[in-house]
Structure formats: structure tokens, C-alpha cells
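Working notes, structure below.
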2 protein chains.
Amino acid sequence: MQNLLSNLKITINEKLYVKDPETSELGRNILKNSIILIDEIGFEAFTFKKLGEKIQSNESSIYRYFENKHKLLVYLTSWYWSWMEYRMAFATTNVSNPIEKLEKAIKLVTENIVDDNATPHINEEILNRIIVEEFTKTLMTKEVDNENKEGFFLVYKRVINRIIDIIKEVNPEYPYAKSLASNIVEGALHQHFLKNHLKTITNLSEKECATEFYTDMAKKILL
Amino acid sequence: MQNLLSNLKITINEKLYVKDPETSELGRNILKNSIILIDEIGFEAFTFKKLGEKIQSNESSIYRYFENKHKLLVYLTSWYWSWMEYRMAFATTNVSNPIEKLEKAIKLVTENIVDDNATPHINEEILNRIIVEEFTKTLMTKEVDNENKEGFFLVYKRVINRIIDIIKEVNPEYPYAKSLASNIVEGALHQHFLKNHLKTITNLSEKECATEFYTDMAKKILL
DNA sequence: TATAAGTTGATAGTATTACTATTATATTTG
DNA sequence: CAAATATAATAGTAATACTATCAACTTATA
């Protein structure tokens, strides 16, 4: 249990920041308002200069925390997946029935997210919107292989590996546990994107989440 | 097949270009070499200036065909999905068995793509790599709703709608035909991305394609 | 065949972005 | 209180993403 909990603490790869933003008021302000600003104007239009204006600080001060906006986005998405991993570990420990465990895990990665108030400087609901709209962009760059070697996506892969393990518990014979797990996690984000923007090619309606669709999928495939 | 494909006129939304690139040597050169250059250096680093140097033409000349690089990318991806739609129509007409039809459709959107030689200025194999690495970026922008209204993604949605219709033929009771279809098409791209870059969270190996995984998925869900 | 119309190439120029560097000032800590 | 550290302000650079202008060349048409 001790060992488990120490793995669950929200820790982020040190290579993602120059100075740890959690250690100062300005740092936490950068995190809080970068989430709000990226959500407002989108990652492409987001700049450190605009963020500086928003928090009444200076561009150069933000550069002392993050090398560039890409690393800031990877930081924020790592935070999200770390938070998700924590929720998942919490929800699935002491659940002995593998099917129930799988249902809980799928629910977590497919449901609509609401702010949990535990972290005043991170609004999880807004951060989830950023994940839906911007997460794949952190992967789909020419630097992905180097960044993967540096461990930038470890937390994300850990979340998926947890689901892989549960899938294997449910059905050890199924040969595509990895692809099914990554499909559910990424697919859920995509279905949420579609319900917001390309409504005609998803069954999710406005306030609906992807839980039913993916739970049904997993059960039909594995049971 | 060869002959039918060469008779194919792929039509693309007129709002995507300033001047139709298919109507001139320079235009076709822009298409051909933009595909090669985006594949080489990635869409972020790709600029009209670099493309101009590559084709020994001028930046300003390229701007006479495309307003900006985003519209060029949407043009290229529209071309791809239009080509895919044609292949799908061809492969599924006169197939009376819905299950066989579904298998053929899934195969087309999940298999590894090779250049078909019908269009000398478009290399489909390279274009497919661009789709895998860059397609979602065409959707995930702050302008997606406006561009969707303008019909920028119609061809893509048409491909998915064809699969939706086949799914409904196979099993009219299944309640998530739309989500399943969009999941298969987008998911296949993502699994190909993972096999190239995040190998630990997919079951696809180096030269493998996503056909088996998604065929198995669809059958278990629908039959 | 002359002329108009359209295409391409070359150059210059602008605003913005994505930084780096320097210095001054404020705050914290030892 | 001095030293170390954090932040703010300013300036500057190279690249990007364009726009505008003009000359040269090609093609269509009268």
C-alpha cells in the first residue's frame, strides 16, 4: 500500500520544466492561467507573451519556468494523466472482480470530468477540455521519439498499462489487450471531440459521455 | 482497378484553394513536393518558403495556389479521403453479403497503403504517412466549427458514413454504429502511429496493419 | 500579328512569434 | 544587514506568415 501510494503521487518529469512551477506563487499562477488561456484561445494562438499579460507578469519570467509552450503543454497533460492514474488506482484497489475493475477503469477514462477542488490552481474540468482538444498534438511531432526516450509520456503509458493489466485479468486469451486499451483511452477523447464538433459521426449527444459505448465494446470483445 | 482509378476525378472543396493546383504543372508540383516535404520535416517545420526552394519556385507563387499551409494540408487530406472513398465504393459494390462488405471496408481503412501509380503527382504511401502523423491536426483547431460548416471535412465524413451504413446492414439493432465507425477509422490511424512511436501500448508490430484487430472488434461487437 | 490577359519569379516590407541577453529592482534567507 | 534569489522591464534577433509591387514570360483572342 505504501509502495502503491508513492507511485501515485503527482510527480512530473523534471525535464519538462526549468523551475518547478509548484514551488512558487508565480509558478502556480502560470499553471492555473495557462490552462484557462489555452482553453480560451487554443494552443496555436497561445503565447507566453499573452499569458504574461493575463497574469500581469512578464514573458521572460515565464521562460524561467518553461523552455517553451510545447513543454508546458506536455507538463499539463502529464499532470492530467498522473491525476487520472491516481483516481484509477484508488477506484480499482480492493476490487477483486476483474470485470468490475475494468468497468471502473473504463468509466474513469470515458466519463465527463468535473473539477475536484483538491488542487486550487488546477481546474480539472478545463484541463480535460484541453486534453480532448490538444493532447494528441503533444505526441504528433517530429520529436516524439526523442521525447518518448526522455520519458515525457511515461505517465500516459502507465495509465494505459493499468488498463492492459485489467484486460488481461478479465480475459488472458484475448490477443490484443494493448491495442484495445490504447484504443479505449484515445478513442474516448476522440468521441468527446466529435460530440463537440463533428456531431454527425458519433452517437454521443451533447452532455453524454463515452462510458456506455466503450463498456459495451470491452464486454462484447472480452466476455 | 488501375483503369478505373485513373478515370477517377477527385474533387475537392473549392474553398480550400485559391487556384486549382491540378490545372497546372506548378500546381501539381506543389502537391507532389508538399507531400514529400511534410513527410520529411513534419507539418510544424514545413513552410512555403522551404517548399519554394525545393521546387525551385517562389514562395509568392505558392501563395497563389493556397492561402496558407493549413489549407494545403486540408486539401491533401481531403484528396486522401476522396481516394479512400473511391476505393471503398469500388471494393464494396456488388458485394451482397453485409459481413463481407464490412470486412472489405475495414480492410481498406486499416491496411498498410502502397502507392497505386494511377496519379503520378500523388504518392499515396507517403500521403498515408502524413494522414497518420498529421490528420487529426487538421480537425483540432479553434476554426474546426467554421471549417466544418464550410464543408472542409465532408469527404472524411462520407467515408465514415459509408461504414456506418454497412454496420447498420450487418446489425440494425446495434445502437452505436456512428461511434463504432468513427472509432475504427480514427483508431486505425492511431494504432499505426503507436506502432511507429509508442510500441509498448499497441499489439501491432513493425510491418503489421490494424486490419485483424479491428475486424475482430467489429465482428465481436456486431455478430 | 499585335495586344491583352494571365502566370510566374523576384524583391521588399510588415507584424508576430519564439526566443536570448542584460540590467534593474524587489524579496527572501542565512 | 548582506547575500542570494526571483521577478520585471527592456532590447534585440532570426524565423514565420504573410502582402504588395513590378517585371518577364506565356498563352489566348481579335
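What's counted below: heavy atoms across the whole structure, side chains too, no hydrogens, waters or symmetry copies. Remember, it's a predicted structure, so these values are computed and weren't measured experimentally.
The phosphate of D:dA17 (OP1 or OP2) has a side-chain N or O of B:Lys69 nearer than 4.0 angstrom. Side-chain nitrogen and oxygen atoms of B:Lys49 include none within less than 4.0 Å of the OP1 or OP2 phosphate oxygen of D:dC18. Close to C:dA21, at under 4.0 Å from its OP1 or OP2, lies no side-chain N or O of A:Tyr63. Applying the 4.0 Å criterion to OP1 and OP2 of D:dA6, one finds that A:Lys19 has a side-chain N or O inside that range. Residue B:Ser57 has no polar side-chain atom (N or O) positioned under 4.0 Å from OP1 or OP2 of C:dT8.
Across all strands shown, B:Ser60 has heavy atoms under 4.0 Å from base atoms, whether or not it also approaches the sugar-phosphate. Looking at heavy-atom distances under 4.0 Å, B:Glu59 makes contact with a base. Within the nucleic acid shown, A:Phe66 has no heavy atom closer than 4.0 Å to any nucleic acid atom. Using a 4.0 Å heavy-atom distance criterion, A:Thr47 is classed as a sugar-phosphate-only contact.
Taking 4.0 Å as the cut-off between side-chain N and carboxylate O, B:Lys199 and B:Glu206 do not count as a salt-bridged pair. Ion pairing between a basic and an acidic side chain is recognised when a charged N comes within 4.0 Å of a carboxylate O; B:Lys49 and B:Glu59 show no such pairing.
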Under the side-chain hydrogen bond (donor to acceptor under 3.5 Å, both in side chains) criterion, do B:His197 and A:Glu147 qualify, and how do the steps go?
CA-CA 10 Å; B:His197 301 295; A:Glu147 295 187 350; over 6 Å; no

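Distance, B:Ile30 CD1 to C:dG9 C1': 13 Å, rounded to whole Å. Straight-line distance from the CG atom of B:Leu26 to the P atom of C:dG6: 18 Å, rounded to whole Å. One interatomic measurement links the two molecules: CG of A:Leu51 to P of C:dC19, which rounds to 14 Å at whole-angstrom precision. Nucleotide C:dT8 holds its P atom 11 Å from the CG atom of B:Asn29, rounded to whole Å. For the pair B:Asn58 CG and D:dA20 P, the computed distance is 16 Å after rounding to whole Å. Straight-line distance from the CZ atom of B:Phe46 to the P atom of D:dA15: 18 Å, rounded to whole Å. Atom CG of B:Asn68 is separated from atom P of C:dA15 by 20 Å (rounded to the nearest Å). B:Glu67 places its CD atom 20 Å from the P atom of D:dT16, with the value rounded to the nearest Å.
Heavy-atom contacts from other residues, nucleotides or ligands closer than 6.0 Å to NZ of A:Lys32 number 12 or fewer.
In this structure, A:Lys69 is positioned above the aromatic face of A:Phe43, its NZ or CZ under 6.0 Å from the six-membered ring centre and within 45° of the axis.
Along DNA chain C, the nucleotide closest to A:Ala45 and the one closest to A:Arg64 are compared, and the more 5′ of them pairs with A:Ala45.
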